[in-house]
Amino acid sequence: MIELTLPAVAEASEPFVTRLRAGRCDVSGNDDSLLCGEDDAGVTFAGAHGLLAIDGLSAADLDGDVVLVQPDGGRIERLLRAGSPHNTLLVTERCDQLCVMCSQPPKKTHVDRFALLEQACLLAEPDIVIGISGGEPTLYKDELLGMIERVLAQRPDLAFHVLTNGQHFAQEDIERLRDPVYAQVLWGIPLYARAAALHDAIVGKAGAFARLEESLAHLLLSGARVELRTVLLSDNLAALPALARYIATRLRFIHAWSIMQLEHVGFARNRWAKLYVPHSQDFAPVAAALDHAKLHGVPARLFNFPRCTVPRPYRYLAAASISDWKRKYVPACDGCTERDACTGFFEWHPDSATEGVHPL
Ligand code: SF4
């Protein structure tokens with residue numbers, strides 16, 4: 001696993017954002033910290049905020065990373081890793097849903113880091129997509145939209161992918177979301193079932209489905225780009241074909257529909273036996289949903305599905321979706337010729353749930 005936080009000591013007393021540079025002094029600005037020493041324990045950088053010593057990785061590993069330095073906590077967060085397509089900024093840990101399989105169980109408190117995260121975005125490498133997640137980012141909708149708008153005004157080469165529960169878009173947002181900068185934003189929104197009662201039960205909030213439908217109408221009217229996300233659960237497996245019909249009928253405007261295999265973390269960890277669907281043993285409901293989506297022009301895809309566990313006719317839909325920092329392959333993958341295109345497994349995926357895995 002790739003470490004996203006590292007122990008560090010800084011001269012500064014307040015949190016700050018900086019870009020680490022190893023041997024590229026010619027491109028330095030006030031936001032850069034330049035390498036000034038390296039030994040077996042770690043590396044030292046110097047910049048406008050003073051000295052910064054980081055343990056655990058080499059200068060080459062950190063070169064180009066945009067990091068948030070937390071002097072109080074004695075650590076850095078690697079917010080934007082150079083060369084990685086998997087950079088996600090956590091804007092809050094609060095949420096107003098309580099999904100049965102939540103991978104990042106919410107907290108009651110919120111630490112406002114929008115100004116620091118905005119600084120980080122402005123230092124991003126060219127042409128990348130920056131993920132935004134939580135918690136629920138739109139609990140701080142005005143701060144979120146303000147950050148997106150200011151960043152994209154200065155950095156039109158960037159794009160954002162925002163994970164949101166879709167509970168907070170309102171009529172008055174429509175004009176704002178029609179701004180051309182939002183062509184660079186993709187909203188990833190979970191939808192678990194066509195039946196309101198089942199969706200509400202999965203997200204742990206009465207009325208969530210009805211409120212989501214309202215938000216989707218506002219997003220449609222604003223011309224927003226929407227990706228629907230459906231985590232596969234034993235609760236909604238049989239309801240997947242009905243959900244496909246609903247999406248094909250009512251939500252044809254979406255950019256993509258991602259059907260996602262479960263992640264063994266957060267609440268799903270203790271509920272694994274109840275929630276996990278061994279899809280390689282019964283792919284029929286997923287296949288029926290994919291067939292209907294294709295027939296009606298809905299661009300569906302499979303996330304977190306190892307390629308060899310998906311029947312051949314649907315394998316092209318299995319994207320390499322697991323972020324590099326939390327991806328692993330298992331011993332059964334040895335010798336597989338499709339590993340580079342395969343999503344593999346989450347680092348914390350149980351070895352007992354690798355049924356159907358075989359090298360291709
Ligand atoms: S053997 Fe491993 S790398 Fe190959 S397709 Fe299966 S899960 Fe992916």
**Item:** Co-membership, hydrophobic cluster, residues V298 and W187, 4.5 Å side-chain
**Value:** yes

**Message:** Using a strict threshold of under 4.0 Å (side-chain N to carboxylate O), is an ion pair present between R150 and E118?
**Reply:** yes

**Request:** Check the side chains of Y140 and R94 for a donor-acceptor pair under 3.5 angstrom, ignoring hydrogens and angles.
**Result:** yes

**NZ/NE/NH1/NH2 to OD/OE distance under 4.0 Å, R301 and E227** = yes

**Prompt:** Got I54 and L62 here, is their nearest side-chain heavy-atom distance under 4.5 Å?
**Reply:** yes

Contacts under 3.5 angstrom, residues 288-297 side chains, donor-acceptor by atom type, not counting sequence neighbours:
from : atom 1 : to   : atom 2 : distance (Å)
D291 : OD1    : Y314 : OH     : 2.8
D291 : OD2    : Y314 : OH     : 3.1

**Prompt:** With no hydrogens and no angle check, is any side-chain donor or acceptor of H349 less than 3.5 Å from a backbone partner on A353?
**Reply:** yes

**Request:** Could you tell me whether the side chain of R19 and the main chain of L123 form a donor-acceptor pair under 3.5 Å?
**Result:** yes

**Message:** Just so I know, are the side chains of R271 and M101 near enough to count as touching, which here means a heavy-atom distance under 4.5 Å?
**Reply:** no

**Item:** Electrostatic pair R176:D142 at N-O distance under 4.0 angstrom
**Value:** yes

**Message:** Under 3.5 Å, is there a donor on one side chain and an acceptor on the other for W348 and E263?
**Reply:** yes

**Item:** Criterion salt bridge (Lys or Arg N to Asp or Glu O under 4.0 Å) on D65 and R81, from CA distance to verdict
**Value:** CA-CA 5 Å; D65 281 8; R81 285 176 299 120; over 6 Å; no

**Request:** Before giving the answer on salt bridge (Lys or Arg N to Asp or Glu O under 4.0 Å), spell out for R307 and E338 the whole-Å C-alpha distance, their side-chain angles and the decisive distance to 0.1 Å.
**Result:** CA-CA 8 Å; R307 290 175 71 79; E338 298 202 15; 2.7 Å; yes

**Item:** Under 3.5 Å side-chain donor-acceptor pair for T230 and W257
**Value:** yes

**Asked** How about E93 and H110: does a side-chain donor come under 3.5 Å of a side-chain acceptor?
**Response** no

**Request:** Start with the C-alpha distance between D32 and R21, add both sets of side-chain angles, then the distance that settles salt bridge (Lys or Arg N to Asp or Glu O under 4.0 Å), and finish with yes or no.
**Result:** CA-CA 7 Å; D32 290 329; R21 294 294 196 189; 3.8 Å; yes

**G47 versus S33, closest heavy-atom pair with distance** = CA-OG, 4.0 Å

**Prompt:** Does NZ or CZ of R327 come closer than 6.0 Å to the centre of the six-membered ring of Y329, within 45° of the ring's axis?
**Reply:** no

**Request:** Return yes if a side-chain donor-acceptor contact under 3.5 Å exists between N304 and T343, otherwise no.
**Result:** no

**Item:** Side-chain donor/acceptor of D200 to backbone N/O of G207, under 3.5 Å
**Value:** yes

**Request:** Give a yes or no answer on whether the side chain of Q261 reaches the backbone of V277 with a donor-acceptor pair at less than 3.5 Å.
**Result:** yes

**Request:** For residues H86 and S84, report the shortest heavy-atom separation together with the two atoms involved.
**Result:** N-OG, 3.0 Å

**Item:** Contact check, side chains of I76 and L52, non-hydrogen atoms, under 4.5 Å
**Value:** yes

Going by atom type alone, with no hydrogens or angles, which donor-acceptor pairs under 3.5 Å involve a side-chain atom of residues 162-169 and a protein atom two or more places apart or on another chain?
from : atom 1 : to   : atom 2 : distance (Å)
T164 : OG1    : E136 : OE2    : 2.7
T164 : OG1    : G166 : N      : 3.1
N165 : OD1    : Q167 : N      : 3.0
N165 : ND2    : D96  : OD1    : 2.8
N165 : ND2    : E136 : OE1    : 3.4
Q167 : OE1    : K205 : NZ     : 3.1
Q167 : NE2    : A208 : O      : 3.0
H168 : NE2    : D96  : OD2    : 2.7

**Asked** Using the benzene-type ring in the case of Trp, are the ring centres of W272 and H264 under 6.0 Å apart?
**Response** yes

**Complete:** In short, A124 meets I130 closest at the heavy-atom pair CB-CD1, 4.1 Å

**Message:** Among residues at least two apart in sequence or on other chains, which ones pass salt bridge (charged side-chain N to carboxylate O under 4.0 Å, His left out) with D173?
**Reply:** K141

**Request:** State whether a side-chain donor-acceptor pair under 3.5 Å links S215 with R211.
**Result:** yes

**Message:** Under a 3.5 Å distance rule, please check whether R78 uses its side chain to pair with a backbone N or O of E3 as donor and acceptor.
**Reply:** yes

**From L251, I259, L212, residue fulfilling side-chain contact (heavy atoms from CB on, under 4.5 Å) relative to L228** = L251

**Fill in**
Closest non-hydrogen contact found for L317 with A300 is CD2-O, 3.3 Å

**Message:** For the backbone of F114 and the side chain of D112, can you confirm whether one donor and one acceptor N or O come within less than 3.5 Å of each other?
**Reply:** yes

**Message:** The test is side chain to side chain contact (heavy atoms under 4.5 Å, CB included); show your working for F45 and L51 and say whether it passes.
**Reply:** CA-CA 6 Å; F45 293 88; L51 290 172; over 6 Å; no

**Message:** Does either side chain, that of S280 or that of T309, offer a donor lying less than 3.5 Å from an acceptor on the other one?
**Reply:** no

